[in-house]
> 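For reference, the structure I am asking about is given below.
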Amino acid sequence: MHDRRPDLAPDADLSRGEMEALQREIGTLATFEDDFAFDPDALSNPLASTADGGKPPVVVGVDQSFLTNDAGDQDRALSAVVATRGGEVIERVHAVTPLEIPYIPGLLSFREGAPILAALENLSVDPDLCLFDGSGRIHFRQAGIATHMGVVRDVPSIGVAKSLLCGMPREDTDDRPTGTKIPIESNARVDAPDGTVLGYAVQTRQYDSPNRSINPLYVSPGHRVGPETAADIALALASSYKLPDPVRLADKYADEAKTSLGK
DNA sequence: GCGACAG
DNA sequence: ATCTTGTCGC
């Protein structure tokens, strides 16, 4: 119900080499294919009854904001968690932990993982699926923050990033219509055979007029979800905005909780 | 040395 | 991530 692999939790005291080694291990322990109990169709059809007549799955969104001390330095990270079921918010929790290391591309989970795990511990409901702001398998060592958190908790997880960390789109992603999914393949910068589908560029929303254009989201498996399913779930959960609802709600809550704490 | 680089 | 008003377009 909590951390299934606390031994794999991000430790900011590790050396950079040790962090990267841990990520390689997590990459091999992660499952990049569907392995969950809920019915993914129950997400896009929240009002429809599930196969067993039970409640829709609990989908959680996670996002972070940062707090500044009196000296003007960012010294704490705030992780906000919003739990939804059938499109309704059923619980919101957050946690604040001190920042231990700076932002380093590829090592995000060692900077933001502690508050995330702390916030998830505060949740009374048990998540069926967690969506994170950042990459999952689209990562140099196939262990982005969504994968790291997913493996530690052993919960199905998906990474939703607004920009691409690594890998190469199979084709041009500009100005695509809503619903477009373009595979992101591994290249030399990624510890995976070239051509491996790491995730998808997903166009969750797009304008009608050619004047302006919305950039795609980069969706990748965290743990126990395949790339295709991850992309479809992101699309299904983006009901009104570019970001899937749980992530957008967590984004907003992270800001609200930060403000309510006096910045 | 040069370029790339989630949040 | 964060600093931030107006402004373009529907």
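Because the structure is a prediction, the values reported are computed rather than measured.
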> Is the backbone of A:G159 close enough, under 3.5 Å, to the side chain of A:S135 for a donor and an acceptor to pair up by distance?
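Answer holds: no.
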> Report which part of the nucleic acid A:S65 touches: base, sugar-phosphate, or nothing (heavy-atom distance under 4.0 Å, all strands).
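Result for A:S65 = sugar-phosphate.
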> Classify the nucleic acid contact of A:G106 as base, sugar-phosphate or nothing, counting any heavy atom under 4.0 Å across all strands shown.
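The answer is base, as A:G106 lies within the cut-off (heavy atoms under 4.0 Å) of a base atom.
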> Can a side chain N or O of A:K258 be found less than 4.0 Å away from OP1 or OP2 on C:dA1?
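Checking A:K258 against C:dA1: no side-chain N or O falls below 4.0 Å of OP1 or OP2.
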> Where the side chain of A:S220 meets the backbone of A:G199, is there a donor-acceptor pair that is under 3.5 Å apart?
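The answer is no, because no donor-acceptor pair under 3.5 Å joins these two groups.
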> With a 4.0 angstrom cut-off to heavy atoms of chain A, pull out the first and last contacting nucleotide of DNA chain B, in 5'-to-3' order.
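Nucleotide range in contact with chain A: B:dA4 to B:dG7.
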> Determine the stems involving DNA chain C; a stem requires 3 or more consecutive pairs of the Watson-Crick or G-U wobble kind, each with both distances below 3.5 Å, and the answer is none if no such run exists.
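Counting only runs of 3 or more consecutive pairs, none involve DNA chain C.
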> Mind checking A:Y103 for me? I need base, sugar-phosphate or nothing, with any heavy atom below 4.0 Å counting as a touch.
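Touches a base.
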> Have a look at A:I145 and say if it touches a base, only the backbone sugar-phosphate, or nothing, with a 4.0 Å heavy-atom cut-off.
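It contacts base atoms.
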> For A:S213 and A:D175, run side chain to side chain donor-acceptor pair (under 3.5 Å): C-alpha distance rounded to whole Å, both residues' side-chain angles, the deciding distance at 0.1 Å, then the answer.
CA-CA 6 Å; A:S213 187; A:D175 309 319; 2.8 Å; yes
> Just one of A:L217, A:L243, A:L235, A:I214 clears the side-chain contact (heavy atoms from CB on, under 4.5 Å) bar with A:R205, so which one?
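Between A:R205 and the candidates, side-chain contact (heavy atoms from CB on, under 4.5 Å) is satisfied uniquely by A:I214.
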> Do the numbers put A:R212 on top of the ring of A:Y207, so that NZ or CZ is under 6.0 Å from the six-membered ring centre and no more than 45° off the axis?
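Pair A:R212/A:Y207 counts as cation-pi.
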> Scan A:L78 against the nucleic acid and name what it touches under 4.0 Å (heavy atoms): base, sugar-phosphate only, or nothing.
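Touches nothing.
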> Report all interatomic pairs (protein N or O, nucleotide N or O of nucleotides 8-10 of chain C) with separations under 3.5 Å.
from: C:dC10; atom 1: OP1; to: A:N211; atom 2: ND2; distance (Å): 3.3

> Nearest whole angstrom, please: distance from the P of C:dC3 to the CD of A:Q74.
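Answer to the nearest Å: 8 Å.
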> Measure from NZ or CZ of A:R224 to the centre of the six-membered ring of A:F36 and say whether it is under 6.0 Å with the direction within 45° of the ring axis.
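Pair A:R224/A:F36 does not count as cation-pi.
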> With heavy atoms under 4.0 Å as the rule, sort A:S135 into base, sugar-phosphate or nothing.
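Base contact - A:S135 has a heavy atom under 4.0 Å of at least one base atom.
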> Is there a donor-acceptor contact under 3.5 Å from the side chain of A:D3 to the main chain of A:R5?
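Side chain of A:D3 to backbone of A:R5, a donor-acceptor pair under 3.5 Å: no, none is there.
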> Does any non-hydrogen side-chain atom of A:L237 lie less than 4.5 Å from one of A:P246?
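When only atoms from C-beta onward are counted, A:L237 and A:P246 do touch, with a gap below 4.5 Å.
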> Give the rounded distance in Å between these two atoms: CG of A:D251 and C1' of C:dT2.
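In whole Å, C:dT2 C1' and A:D251 CG are 12 Å from each other.
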> Assess the pair A:H223 and A:F32: is the distance between their ring centroids shorter than 6.0 Å?
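No: the rings miss the under 6.0 Å criterion.
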> CG of A:L123 to SG of A:C130: how many Å apart, nearest 0.5 Å?
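Going from CG on A:L123 over to SG on A:C130, the span is 8.0 Å.
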> Could you measure the distance from the CZ atom of A:F140 to the CD atom of A:Q23? Nearest 0.5 Å is fine.
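Rounded to the nearest 0.5 Å, the CZ-CD separation comes out at 9.5 Å.
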